[in-house]
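What's counted below: heavy atoms across the whole structure, side chains too, no hydrogens, waters or symmetry copies. Order of appearance sets the numbers: ligands from 1, and atoms from 1 within every ligand. Since the model is a prediction, treat every value here as computed from it, not as a measurement.
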Amino acid sequence: MAKNFAEELGLTSFKASEGWLGKFKQRHHINNGVLSRLYSSEVPQFETLAITVPKKHVFHVELNRPKQLNSITTLMWKELKDCFESLNDNSECRVILLSARGKHFTAGIDFNSLMQDSSKAEEYEDVARKAKILEKLITHCQDGITSLERCNKPILAVVHSACVGAGVDLITAADVRYCTKDAWFQVKEVDVGLAADVGTLQRLPKVVGNTSTVRELCFTARKFDSQEASELGLVSRVYSDQESAIKNVLETAVTIASKSPVAVQNTKKSLVYSQSRPNEVGLEHIKLINQAMLQSEDLKKAAIAQATKSTTEYENL
Ligand SMILES: CC/C=C\C=C\CC(=O)SCCNC(=O)CCNC(=O)[C@H](O)C(C)(C)COP(=O)(O)OP(=O)(O)OC[C@H]1O[C@@H](n2cnc3c(N)ncnc32)[C@H](O)[C@@H]1OP(=O)(O)O
């Protein structure tokens, strides 16, 4: 079509090449034929993450350092935090799909970046001064991962191929996990001389509900495949390949996006808050939330839709 216009305008040198088309799509936020701007006033832009809006209210975050196997650098930790904070504040966004571009989901922390950052501690002689530098570094990494949990929008992760080290930390902070048949996982930290420190040891036992297998995986750093991940309950479903995984998980995302954002976001808040607290404390928390939220128009709309077997649209939150 672009070529036809160019011909009508007498622009004979214009070829509408693949390169031009790619840049045109990027400039105008077009992904798989879907115009992102149509659904979102603001799609945040990052260097290490690609954000698109494949369906109304569904934002897709992709780890985007494929040449470096999506290994996580200082910048990527920061951008993960900025991204999920920004999507938490973006009322157009109701649900997030998290996946990765390239051969692997992620090779974990980027060794070069880690070496560079931790070498800053060597400028000091004293243990307390060195420790303070490393405390800052670990907090920076933890914040990147915890931002997924702090974001009130459900995050559905789709893992393919290798998900190593920090990759496991990352996906255990997501709400729901899926993977492809070729996916494999590794709590790799002991192999690189570390006790995992950005979430796996806290979240994996709760996700899986089996401390014996979790401890074995963490002590041995043995790889486990998609079938074992599914049997453990780390992933909800295994798909043949990434394309079919994303297609199916998008349908789940669209279902979630069609529900009341008040109900969905407070459901996530309550689940996250209650996961490491006694039931009575979690019940008090949701009681306080719902004292206000039972007065929301969403409740009335949903009740009418249920009673009349019809569908309804909800205001953004
Ligand atoms: C404060 C601390 C916070 C967080 C801590 C997190 C801890 C961790 O994440 S521990 C886990 C660290 N990661 C690893 O140990 C993974 C190491 N890599 C691999 O095992 C493999 O590369 C692979 C991921 C299984 C992929 O294998 P394959 O497809 O065969 O590719 P390769 O040929 O091995 O690698 C290609 C290329 O990438 C480089 N590379 C791989 N991983 C990393 C990495 N994590 N950081 C930096 N670079 C990495 C690898 O060296 C190769 O480089 P070339 O220059 O092409 O040789």
Side-chain angles (χ1 to χ4, degrees), residues 47-49 62-84 98-124 127 129-149 157-174 177 179-205 207 214-226 228-229 234 241-242:
E47 203 177 305
T48 65
L49 306 170
E62 291 169 281
L63 307 184
N64 192 24
R65 296 184 76 233
K67 285 189 189 139
Q68 295 81 15
L69 313 183
N70 297 314
S71 56
I72 308 179
T73 55
T74 313
L75 178 64
M76 200 194 269
W77 295 112
K78 179 187 179 309
E79 291 197 335
L80 283 166
K81 178 169 184 277
D82 292 348
C83 169
F84 289 104
L98 172 66
S99 70
R101 291 184 178 175
K103 185 178 172 192
H104 297 292
F105 183 77
T106 174
I109 196 161
D110 184 287
F111 291 132
N112 305 317
S113 179
L114 178 65
M115 289 301 168
Q116 217 175 355
D117 290 338
S118 53
S119 69
K120 289 176 193 149
E122 281 156 26
E123 290 169 23
Y124 296 89
V127 63
R129 274 83 196 171
K130 283 179 194 283
K132 192 157 180 191
I133 300 288
L134 296 175
E135 181 197 10
K136 199 166 170 205
L137 168 65
I138 299 167
T139 304
H140 179 75
C141 303
Q142 287 184 348
D143 284 351
I145 303 279
T146 302
S147 67
L148 276 72
E149 212 170 62
V158 175
V159 177
H160 72 285
S161 196
C163 177
V164 180
V168 179
D169 296 279
L170 181 67
I171 61 161
T172 50
R177 287 153 295 278
C179 73
T180 56
K181 199 161 180 288
D182 74 351
W184 58 271
F185 305 80
Q186 192 174 19
V187 184
K188 177 85 172 162
E189 279 83 346
V190 290
D191 273 354
V192 296
L194 279 178
D197 55 4
V198 293
T200 291
L201 303 184
Q202 291 65 40
R203 297 188 179 103
L204 188 61
V207 165
V214 165
R215 285 175 193 214
E216 182 215 309
L217 294 171
C218 296
F219 293 144
T220 62
R222 88 168 157 80
K223 294 178 182 179
F224 56 107
D225 63 13
S226 54
E228 189 173 356
L234 175 61
D241 54 47
Q242 195 189 33

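- The minimum heavy-atom distance linking Gln186 with Ala221 is given by the pair NE2-O, 2.9 Å.
- A donor-acceptor pair is defined here as one N or O able to donate and one able to accept, closer than 3.5 Å; such a pair exists between the side chain of Ser119 and the backbone of Gln116.
- Side-chain contact annotation: His104 with Ser161, donor-acceptor N/O pair under 3.5 Å present.
- Put simply, the side chain of Gln142 gets close to the backbone of Asp197: a donor and an acceptor are under 3.5 Å apart.
- Under a 3.5 Å cut-off, the side chain of Arg222 and the backbone N or O of Leu217 do not form any donor-acceptor pair.
- The shortest N/O to N/O separation between Leu114 and ligand 1 does not fall below 3.5 Å.
- Interface atoms of ligand 1 facing Asp110, defined by a heavy-atom separation under 4.0 Å, are 46 (N), 47 (C).
- Within the 4.0 angstrom cut-off, atom 48 (N) of ligand 1 has no protein heavy-atom neighbours.
- Side-chain contact check for Asp110 and Ser71: at least one donor-acceptor pair (N or O, by modelled atom type) lies under 3.5 Å.
- Of the N or O atoms in Val164, none lie within a sub-3.5 Å distance of an N or O in ligand 1.
- At a heavy-atom cutoff of 4.0 Å, ligand 1 is contacted by no atom of Phe105, backbone or side chain.
- Atoms of ligand 1 lying under 4.0 Å from any heavy atom of Gly108, numbered from 1 in the order shown and given with element: 9 (O).
- Atom 11 (C) of ligand 1 has its nearest heavy-atom neighbour, among Glu189, Arg65, Lys188, His140, in Lys188.
- For atom 13 (N) of ligand 1, a protein heavy-atom neighbour is found at a distance under 4.0 Å.
- Polar contact check, Asp197 against ligand 1: no nitrogen or oxygen pair lies under 3.5 Å apart.
- Here's the thing with Ala107: one of its N/O atoms is less than 3.5 angstrom from an N/O atom of ligand 1.
- Remark: ligand 1 atoms within the under-4.0 Å shell around heavy atoms of Trp184 are 25 (C).
- The proximity of Leu69 to ligand 1, defined as any non-hydrogen pair under 4.0 Å, is limited to the side chain.
- Summary of contacts: the protein heavy atom closest to atom 4 (C) of ligand 1 is Ile109 CD1, 3.5 Å.
- Those atoms of ligand 1 that come under 4.0 Å of a heavy atom in Val192, given as number and element, are 10 (S).
- Protein heavy atoms are found inside the 4.0 Å sphere centred on atom 45 (N) of ligand 1.
- Listed by number with element, the atoms of ligand 1 under 4.0 angstrom from any heavy atom of Ala166 are 6 (C), 8 (C), 9 (O).
- Considering only non-hydrogen protein atoms, atom 26 (C) of ligand 1 sits nearest to His104 NE2, 3.3 Å.
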If you apply the rule salt bridge (Lys or Arg N to Asp or Glu O under 4.0 Å), what do you find for Glu47 with Arg65, and how did you get there? CA-CA 9 Å; Glu47 203 177 305; Arg65 296 184 76 233; over 6 Å; no

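- Distance screen at 4.0 Å: atom 35 (O) of ligand 1 has a protein heavy-atom neighbour inside the cut-off.
- Of the possible polar contacts, none joining the Asp225 side chain to the Trp184 backbone as a donor-acceptor pair under 3.5 Å is found.
- Of the possible donor and acceptor atoms, one in the side chain of Arg177 sits under 3.5 Å from a partner among the backbone N and O of Ile171.
- More than 12 heavy atoms of other residues, nucleotides or ligands shown are found within 6.0 angstrom of NZ on Lys130.
- Distance check for atom 18 (N) of ligand 1: every protein heavy atom is found at 4.0 Å or beyond.
- At least one N or O atom of Phe111 sits closer than 3.5 Å to an N or O atom of ligand 1.
- Thr74 and Ser113 form a side-chain donor-acceptor contact under 3.5 Å, judged by distance and modelled atom types alone.
- Under 4.0 angstrom from ligand 1, the non-hydrogen atoms of Lys103 all belong to its side chain.
- One N or O on the side chain of Gln242 and one on the backbone of Ala100 form a donor-acceptor pair closer than 3.5 Å.
- With values rounded to the nearest 0.5 angstrom, Ser226 atom OG is found 6.5 Å from Lys181 atom NZ.
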